[in-house]
Every structure is written in C-alpha cells, then in structure tokens.
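The next block holds one structure in the form of structure tokens; read it before the comments.
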Amino acid sequence: MYTTRILPVPDPDSLGRFRPLPAPSSTTISSSPQSVLDHWDAAESAPGLEALVTAADHIRTTDVPVGFPTETVYGLGADATRTDAVRGIFSVKGRPSDNPLIVHVCDLDMLRGLLGDGKNLPDIYRPLVERFWPGPLTILLPVPSSDSSDAAGAPKWTLAPEVTAGLPTFGARLPASPLTRTLIRLADAPLAGPSANASTRPSPTTAQHVVDDLNGRIEVVLDGGACGVGVESTVVDGLCDPPVILRPGGISLAELRTVPGWERVERAYDDVAQGGNRSKGVAEKKEEEELKPRAPGMKYKHYSPKARVVLYEGWRAVNSSTLSQADLVADIGSAGQQAGTVGVVRTSTWPALEGLEKRSAGTTNGNITSAESNGDGAVTYNLEEYTLPFGTAVLELDLGRDLSSIAHGLFSALRDLDARGADVILIEGIDDRGDDMAAAVMNRLRKAASEVR
Ligand code: TXA
Ligand code: MG
C-alpha cells in the first residue's frame with residue numbers, strides 16, 4: 001500500500017512550447033519540410049513544474065505508474081520501453097494483458113525516435129496528423145523491427161512487448177494537453193497510458209476520480225483540473241484500405257472525412273445506432289455482422305458504475321415524441337420499486353422533474369457551457385434531489401443540451417451518482433445516427449448499460 005498524493009499543476013499553459021527542428025530530420029515524418037509539432041521544449045520554471053519533475057522521476061526510476069491528466073481523460077502512465085514498469089500498469093488497473101496500451105509522445109521528434117531514423121510516417125497519416133495533432137486522435141503504426149542491422153538506423157526507443165500485447169501494431173498519440181507533453185518530455189521516454197480507472201469502471205476525468213479507484217495502489221496523481229473533452233481519443237487504423245475507426249472518440253467521423261485519403265473512412269466497432277426509422281437492407285445487415293471489434297479493449301465490460309444503468313436510445317425521442325414528465329415519473333417509480341435510489345441523467349429532451357417534492361436544496365454548480373473548462377478541479381452540472389409520492393428518492397442530473405457538455409460530464413455523472421448511492425440510473429441517450437461525437441458518447445453508454453430501451 002502506498003500513500004497516494006495529488007500534486008496540483010495550476011497553470012498548464014505556461015509549461016512550454018513547440019519548436020520546429022531544423023531540416024533534414026523533420027522531413028521524414030511530416031508532409032511539410034518543417035512541422036510546428038517537431039519538438040516540445042519544457043519551460044524552465046513554471047508553477048507546478050516541481051510536481052511534474054516528481055512525477056517524471058517516478059516514471060524514470062520506479063515501476064509504479066503515475067496518474068496524469070490529458071485533454072480526454074486521466075491516464076495511468078509508465079515508461080513504455082521498460083517491461084516491469086508497463087506490467088505495473090496492468091497490475092494496478094487489473095487490466096487483461098491482451099489489451100494493448102496507447103503510447104503517448106510529446107512531439108514528432110519522439111515519434112521519430114520510436115520509428116527509427118529514416119522511417120517515414122505512412123503517407124496516409126501525414127495530413128491527419130497535421131490536422132488533428134496535438135489532440136484526441138490515436139493512430140496505429142507498425143511496431144518497428146528491433147533488427148539493428150537495418151541500414152536506416154535503429155530506433156532510439158524500443159517498446160516493451162507488453163505494450164502491444166503481441167500485436168504487430170502500436171497506437172501512437174500526441175496529446176493536446178501541455179501538461180501531458182511536459183511530463184513526457186521530462187520523463188524522456190514515450191509514455192504507455194491507458195485510462196486511469198480500475199478495469200471496468202468509468203474513465204476518470206478528475207484527479208479525485210483516479211484516487212477514488214486507485215488509492216493506495218499508486219503514489220502520485222498530477223492534478224490538471226477536469227478534462228476538457230471527457231471521452232477518450234478516437235483510435236484509427238490507416239494501414240488498411242479503406243481506413244477504419246476502431247474506437248469512436250474526441251475526433252468525429254465527419255471531421256476525419258474532411259482529410260485527404262480519409263474520405264471513405266469506415267466504422268469498425270460494434271455498436272452502430274440501433275434503428276430508428278431506417279429499414280435495414282440485406283447489405284446493411286451483413287455490414288453490421290462484419291463489424292467485429294478490432295481494438296481488443298472494445299470487447300471487455302467497460303465504463304460501468306456500480307449502479308445498474310438503463311439507457312434510453314436517443315433516436316427514439318427524435319422519431320417519436322419525447323417522454324412526458326408523467327411517463328418519466330412512472331419509469332422512475334417502477335425502477336424505484338426494485339431499487340432504493342434512482343438516478344436520472346437528462347440530456348437533450350427529457351423534461352425536468354421540477355414540481356415534484358424536493359428532498360433538499362439542489363446542489364447547483366452551474367451549467368457547463370464549454371468543452372474547454374480544463375483547469376477546474378471538478379466537473380460541474382446541475383443536480384437536484386426529489387422524493388416521489390410513494391417514497392422513491394431521485395437524484396436528477398442535467399448534463400446540458402450540447403454535445404461537448406454531455407461528453408465532458410458523462411463519466412463524472414456516472415461516478416457522482418454512484419457516490420451518492422444511486423442503485424439504478426436511467427439515462428437519456430442522444431441521437432448518434434449522424435457522424436458527430438455523439439457516436440463516442442453512445443458507444444460508452446451502450447457498454448455501461450445493463451438494459452437498453
Ligand atoms: O484518450 C485516450 O486515448 C486515453 C488517454 C489516457 O490518452 N487512453 C485510453 O487508453 O483510452 P485505453 O487503454 O483505456 O484504451 C485504448 C484503446 C483500447 O480499446 C485498446 O484495445 C486500443 O485502444 N488499442 C491500443 N493499441 C492498439 C492496437 N495496437 N491495435 C488495436 N487497438 C489498440
Ligand atoms: Mg480505458
């Protein structure tokens with residue numbers, strides 16, 4: 001058992017800057033002769049830098065992973081080149097060893113160090129990386145051969161085999177958070193990092209969530225405030241034709257399709273929208289059958305609070321009429337007959353429960369208006385408590401209407417309702433039949449749900 005410490009980093013934007021490297025080494029990765037993403041310079045002094053140095057020392061000298069924020073969710077980081085350090089991640093999380101880890105780099109120069117001098121980033125990825133890095137996008141790359149007789153030059157870093165779980169590819173990500181990049185720069189090694197939840201739990205979006213799951217199992221959690229995006233990175237495979245999305249995330253299908261070479265990108269995960277008024281043709285049904293999850297992690301139970309989750313598909317509200325307050329109260333009532341406390345998570349259309357008897361004054365932290373709220377200690381949303389006439393206690397949480405606030409608050413809402421004793425949670429899903437980030441939100445919710453209505 002360790003004493004787990006939260007170390008705050010108050011002003012991540014002051015931590016450093018990107019600098020192009022002089023040619024020629026930069027020409028090997030980027031389509032442009034120089035890329036602004038070439039090299040991340042860590043600041044020499046900044047508030048919280050000491051905390052980052054402490055965390056980086058842990059990464060370099062121990063086999064105990066550290067909790068760290070990114071723009072998507074909190075990660076659990078270890079030196080991706082050291083087997084014992086990487087094994088530490090799997091044991092702390094209780095993660096199955098056949099589920100590979102994403103490798104985080106601080107700049108393109110570090111990615112070059114992983115690929116080996118003279119190895120090009122596959123052409124398909126160049127415009128994608130120029131457009132979406134640094135940011136919530138993970139790309140699959142071939143694991144470089146460790147054969148040092150290769151004339152092109154041996155890589156500076158070799159990934160521990162545990163990182164890729166024996167696959168011939170690895171996932172690479174250059175995060176948007178300057179805090180994450182500075183940590184990696186100081187640790188001076190690529191960082192293997194899954195989400196920092198205990199296996200099967202919702203991903204953490206605050207430092208406190210990490211402690212709630214991993215207290216005593218790790219020594220340090222860096223606190224960079226609540227994550228802005230709130231769902232994980234989009235994982236894409238551009239090594240096949242057409243390229244595919246293995247996990248929907250912070251970059252949407254529609255955004256990917258605007259990039260040259262990615263116009264035909266397809267979904268290769270297993271939860272397309274469940275119907276609506278579309279009648280499925282034979283070809284479409286066959287296509288669905290063929291949508292086997294290709295990211296190993298997508299087959300596991302995931303994102304689950306302790307409470308039973310009942311998900312209402314979002315397209316139903318669009319196709320028919322939304323639930324009336326009377327219908328909602330009836331559903332809460334029947335859920336409450338089997339369980340003590342019922343959580344309700346509202347998004348686009350469900351009516352507020354106002355008018356019912358309030359159990360206590362609502363905890364109103366103010367609505368989230370932006371996905372850029374990184375820097376707050378906690379995720380904020382409106383939460384009200386009610387008692388139904390027949391005695392059921394209700395915790396009603398409003399994630400707001402817009403997609404970015406729903407994604408931002410999603411995991412925190414599940415954890416919050418758990419902590420407040422909800423036995424069952426009714427969630428209003430959103431319509432994910434378009435090509436936007438709703439796909440990522442509904443993918444997580446379908447995995448969290450025990451029942452879909
Ligand atoms: O936003 C994120 O991606 C966060 C932050 C911390 O960066 N990380 C994250 O890692 O979500 P994790 O381990 O929770 O999810 C990684 C997903 C899993 O579904 C895994 O199976 C898949 O990416 N993955 C990783 N490497 C892969 C590979 N070589 N081939 C196929 N899928 C891979
Ligand atoms: Mg995860």
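For ligands, and for the atoms within them, numbers begin at 1 and follow the listed sequence. Since we're looking at a predicted model, the values are computed, not measured.
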Ligand-residue contact atoms, ligand 1 with S195, heavy atoms, under 4.0 Å: 8 (N), 9 (C), 10 (O), 12 (P), 14 (O)

Parallel, tilted or perpendicular: rings of Y303 and F411 (30°, 60°): parallel

contact_flag G193 ligand 1 heavy-atom lt 4.0 Å: yes

Minimum side-chain heavy-atom gap L140-L167 below 4.5 Å: no

Backbone or side-chain N or O of S233 under 3.5 Å from ligand 1 N or O: yes

CZ (R5) with more than 12 external heavy atoms under 6.0 Å: no

Reported NE2-to-CZ distance for the pair H104 and F68, which is rounded to 0.5 angstrom: 4.5 Å

T138-ligand 1 polar pair, N/O distance under 3.5 Å: no

Ligand 1 to K93 polar contact by distance, N or O atoms, under 3.5 Å: no

L167 contact mode with ligand 1 (heavy-atom cut-off under 4.0 Å): side chain

N, O or S atom of S195 closer to the Mg ion (ligand 2) than 2.8 Å: yes

Check: G238 main-chain N/O paired with Y125 side-chain donor or acceptor under 3.5 Å: yes

Side-chain heavy atoms of T83 within contact of P161, under 4.5 Å: yes

R415/D213 salt bridge by N-O under 4.0 Å criterion: yes

Any N/O pair T70/ligand 1 closer than 3.5 Å: no

Salt bridge D38-R112, side-chain N to carboxylate O under 4.0 Å: yes

H104: numbered ligand 1 atoms lying under 4.0 Å from its heavy atoms: 5 (C), 6 (C), 7 (O)

Within 45° cone of W40 ring axis and under 6.0 Å: R181 NZ or CZ: yes

Pair R95 + E162: basic N to acidic O under 4.0 Å: no

Region of L140 engaging ligand 1 - heavy atom pairs below 4.0 Å: side chain

Contact (N/O only, under 3.5 Å) between Y74 and ligand 1: no

Atoms of ligand 1, numbered as shown, that sit under 4.0 Å from any heavy atom of T169: 28 (C), 29 (N), 30 (N)

From the candidates R247, E232, E71, the one that places a heavy atom nearest atom 15 (O) of ligand 1: R247

Minimum non-hydrogen distance to atom 13 (O) of ligand 1, winning option of R173, H302, R95: R95

N99 contact mode with ligand 1 (heavy-atom cut-off under 4.0 Å): side chain

